[in-house]
Asker: 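My structure is below; once you've seen it, I'll send some questions.
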Amino acid sequence: MSLYDFDGGELKPILDNLVVEKNGEWDADCAGEFWATRRTLAVSTQMHHGAADIIITTREESSKAEERAGQCEGIDIASTTSTEHLAFDGQSLPCS
């Protein structure tokens, strides 16, 4: 995802190439590992340099699938959620 500001008749990049969703793969039969990253953006009430800050919440999950007794069974490995507060520095939103 990229965010732009329309300033003086020009589009100015504010946030460039933020990955909002990314998923892993498996062999499509059963066995394998799967991971997913999902990000949501929210507009903060705090402002810097005339622009609202952005709050990014990132949820990362990983699991694996194994065949057990002829059935494909999913097993959760880990799940984490983190929040990042991006303050506009007058040029862009710094994103890690």
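Quantities reported herein were computed from a predicted structural model and do not represent experimental measurements. Worth knowing before you read on, the calculation uses all heavy atoms, side chains too, and leaves out hydrogens, waters and symmetry mates.
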Asker: Under a 3.5 Å distance rule, please check whether Ser63 uses its side chain to pair with a backbone N or O of Ile77 as donor and acceptor.
Answerer: no
Asker: For the residue pair Arg38 and Asn23, establish whether any side-chain heavy-atom pair is separated by less than 4.5 Å.
Answerer: yes
Asker: Hey, does Ser82 have a side-chain heavy atom less than 4.5 Å from the side chain of Thr57?
Answerer: no
Asker: Can you tell which of Asp53, Ile56, Ile55 makes a side-chain contact (heavy atoms from CB on, under 4.5 Å) with Leu86?
Answerer: Ile56
Asker: Please find the pair of heavy atoms, one from Cys72 and one from Ala65, that lie closest to each other, and give the distance.
Answerer: SG-CB, 4.0 Å
Asker: Is a side-chain N or O of Arg59 found less than 3.5 angstrom from the main chain of Ser79, in a donor-acceptor match?
Answerer: no
Asker: Given side chains that start at C-beta, do those of Glu73 and Glu66 come closer than 4.5 Å, heavy atoms only?
Answerer: no
Asker: Cys30 and Glu67: which non-hydrogen atoms are nearest, and at how many Å?
Answerer: SG-N, 3.7 Å
Asker: At their closest point, which heavy atom of Ala51 faces which heavy atom of Phe88, and how far apart are they?
Answerer: CB-CD2, 3.6 Å
Asker: Looking at CG of Asn17 and OG of Ser2, how far apart are the two atoms once the value is rounded to the nearest 0.5 Å?
Answerer: 4.5 Å
Asker: Rounded to the nearest 0.5 Å, what's the gap from CG on Asp89 to NE2 on His49? Could you check?
Answerer: 6.5 Å
Asker: Show your working on salt bridge (Lys or Arg N to Asp or Glu O under 4.0 Å) between Lys64 and Glu33 and close with a plain yes or no.
Answerer: CA-CA 4 Å; Lys64 64 181 181 176; Glu33 293 186 23; over 6 Å; no
Asker: A quick test of your reading: do over 12 heavy atoms of other residues, nucleotides or ligands sit less than 6.0 Å from CD of Gln71?
Answerer: no
Asker: If you draw a 6.0 Å radius around NZ in Lys22, do more than 12 non-hydrogen atoms from other residues or ligands fall strictly inside?
Answerer: no
Asker: Nearest heavy-atom pair of Leu11 and Tyr4: which atoms, and what distance?
Answerer: CD2-CB, 4.1 Å
Asker: Following the transitive rule for hydrophobic clusters with a side-chain heavy-atom cut-off under 4.5 Å over Ile, Leu, Val, Met, Phe, Trp and Tyr, establish whether Ile14 and Met1 coincide in one cluster.
Answerer: yes
Asker: Does a side-chain heavy-atom distance below 4.5 Å link Thr37 with Arg39?
Answerer: yes
